[in-house]
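Predicted model, so just to flag it, every value in this text is computed and none were measured. First the proteins, then the strands, lettered A, B, ... as listed; each starts at 1.
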Amino acid sequence: MSGDLERALSKLRFDDQVIGYSLMTKGGRPFVSFSFPDDLFPRVKESISLYKTDLRLMTIDTDKGLVVLAPVDDNWILTVLYVPELQLGLAIAKTKNVLRMLEGIELPPPPEEFEEAVESNLEVLESIAMQAASTAAEAAPTVEEPAPAPAQEAEELSPEDFVVTSDTVPKKGEAYATALSLDSDLYDEMRKAYRNFGFDILMLVDGRSTVAAIADAMFQPVVKVAEVLKWAASKRIVELPRAGEAAAEGVTKKPSRFVKCPRFEGDLSKVKPDHLAVVRLCDGTRTTEQIAEAAGIPAPRVIHIVALYRKHGMKMIGKTI
Amino acid sequence: MARIENPLLLSIYGQLVDKILAETQNIEEANERLRELGRTMAEQIYLTTDIVEKTKDEVLTREDVAKLVEVVFRVLFDRKPTEIDMETARGSVRVSDSNCVWCQDVNLEGMPGFGYCEVFSGILEAILKYKGVDARVFEETCRATGGVTCSWNVRLV
């Protein structure tokens, strides 16, 4: 429990755009805090009490930065203070990422008495959880430490073995949990190579989001995200299609195609009546072949008509479909 | 549009020819691929130049075809073809160019029948089609393979 909680919270701690955070009780009392300015607590508490049980994700704009409040469960609220220049959407996305990490973690309710905003409270929470676990039959084996993958026996992979396009949906691999454990060698390796960027990307890998969606959520170019994912795939942290598989997939999947579509931006009243049917269809959404089909005339004739109006407002719009 | 001695455009076309030759099994197939390339290029040419305005709306006779070829030469190469022959072959117009732009400084050996400049056949064929003329165009002789001039046969169907 505490390992997962600690991992999730340290995600915030190492984030350069996070000024501080606090895990608060439903009553607005700070339980575990890190660099969260004390003078903001009253305002946060006020907001929490205002919404009581109805609190969902909430943002408060303060002079110190943007505070995002997010309920973790019935007992806990995560409060994060981000740097003022961070975009609202990104702040919310980052908070949601941490919430996603906290999903499935059974946090015990806060103790009756505790010293507010102390980091060692995390251990208090841990001991409560341990007590609860010891009374509940045999403790389950630790979930966070997956069985070490038989990496030595498995074939060596390189990032070049994988193909990533914008449409690729990366899935969690066998070493996913290990890579997110702050005390693992894999995490160290990833941090050395990509700093927090690798961690941030992995947080968004959910088996549903495409590479383009992940890149978009992080305001990063697809190429950069793809590079990290390929590396992660070579370490079995994520699963990606292999180069050969992707080629096979490409047979069934229609690749995007570059087309040119005429668009008439001139005066329709100056178009010859014979040409109107064609010119009207030149709206930048159809190729000349599609216009020919719609108008029921040969494609060469359409090109001829389009060419006639080149100097009268006809433009060719290139696009991929 | 294009200047005759344009090394940049020539190198682009040279690359395309090399690629097609590498991908095809025989000369006939390569010729057809180059003609097809020309047909697709023709649309862009027709849509971005003054050919449509400088030619008659209806091309009916071989003389009209000859005029059209002259306009295409003027627009693309800024000059006239060396000769347009409407007499030698019935139903055909022969266009020859002794300063062909496509195969400047290209020397091919052991490739008889290969039309290095077949791309122009495709361009002419498609432009004629835009004007409502059904024609088959192919390169008869090519300087790249030892011909004195490059010549194209425009056979009206």
Side-chain angles (χ1 to χ4, degrees), chain A residues 247 250-251 254-268 270-321, chain B residues 1-2 12 15-16 19 23 32 35-61 64-65 67-76 119-137 154-157:
Chain A
V251 176
K254 213 176 160 193
S256 62
R257 194 166 61 97
F258 179 76
V259 293
K260 285 183 181 168
C261 304
R263 184 167 72 203
F264 184 66
E265 295 172 356
D267 186 353
L268 270 176
K270 289 180 182 163
V271 175
K272 279 189 185 174
D274 288 357
H275 303 151
L276 256 179
V278 167
V279 175
R280 271 189 209 282
L281 290 168
C282 297
D283 57 2
T285 66
R286 300 173 180 87
T287 62
T288 45
E289 288 83 10
Q290 287 166 330
I291 292 171
E293 204 177 312
I297 58 170
R301 175 77 185 147
V302 172
I303 293 168
H304 175 70
I305 295 170
V306 169
L308 283 172
Y309 293 94
R310 184 172 68 93
K311 288 184 178 168
H312 307 284
M314 190 68 83
K315 282 184 180 169
M316 292 302 279
I317 313 294
K319 57 168 84 170
T320 48
I321 53 167
Chain B
M1 195 172 111
I12 292 171
Q15 284 294 312
L16 290 170
K19 189 167 176 284
E23 289 171 357
E32 180 49 31
R35 283 193 290 267
E36 190 49 40
L37 173 69
R39 290 180 199 115
T40 53
M41 286 167 64
E43 180 173 335
Q44 171 89 352
I45 293 168
Y46 200 65
L47 289 171
T48 53
T49 62
D50 291 338
I51 292 173
V52 71
E53 287 129 43
K54 289 185 174 167
T55 48
K56 285 165 70 172
D57 256 359
E58 290 198 327
V59 175
L60 299 171
T61 63
D64 290 341
V65 171
K67 282 259 164 24
L68 177 77
V69 171
E70 276 191 3
V71 170
V72 171
F73 258 76
R74 180 69 64 198
V75 167
L76 295 185
V119 68
F120 189 61
S121 305
I123 292 173
L124 270 185
E125 197 176 289
I127 289 177
L128 283 164
K129 197 154 209 152
Y130 299 146
K131 285 284 177 189
V133 180
D134 211 358
R136 293 285 168 273
V137 185
V154 183
R155 189 159 51 84
L156 304 173
V157 179

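The two residues Val59(B) and Val133(B) come nearest to each other via the heavy atoms O-CG2, 3.4 Å.
For the atom pair CD1 of Ile45(B) and CD1 of Ile123(B), the computed distance is 4.0 Å after rounding to the nearest 0.5 Å.
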| Test log, rule side chain to side chain contact (heavy atoms under 4.5 Å, CB included), inputs Thr285(A) and Cys261(A) | CA-CA 6 Å; Thr285(A) 66; Cys261(A) 304; over 6 Å; no
Interface of chain A and chain B, donor-acceptor atom pairs under 3.5 Å:
| unit_1 | atom_1 | unit_2 | atom_2 | d |
| --- | --- | --- | --- | --- |
| Lys260(A) | NZ | Gln44(B) | OE1 | 2.8 |
| Thr288(A) | OG1 | Glu43(B) | OE2 | 3.4 |
| His304(A) | ND1 | Tyr46(B) | OH | 2.5 |
| Arg310(A) | NE | Leu47(B) | O | 3.4 |
| Arg310(A) | NE | Thr49(B) | O | 3.4 |
| Arg310(A) | NH1 | Thr48(B) | O | 3.2 |
| Arg310(A) | NH2 | Thr49(B) | O | 3.1 |
| Arg310(A) | NH2 | Asp50(B) | OD1 | 2.8 |
| Lys311(A) | NZ | Asp50(B) | OD1 | 3.0 |
| Lys311(A) | NZ | Glu53(B) | OE1 | 3.2 |

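Annotation: side-chain contact (heavy atoms from CB on, under 4.5 Å) contacts of Ala292(A) (sequence neighbours excluded): Ala299(A), Val302(A).
Within the 4.5 Å cutoff, the side chain of Ile317(A) has no heavy atoms near those of the Pro262(A) side chain. The closest side-chain heavy-atom distance from Val271(A) to Phe264(A) is below 4.5 Å.
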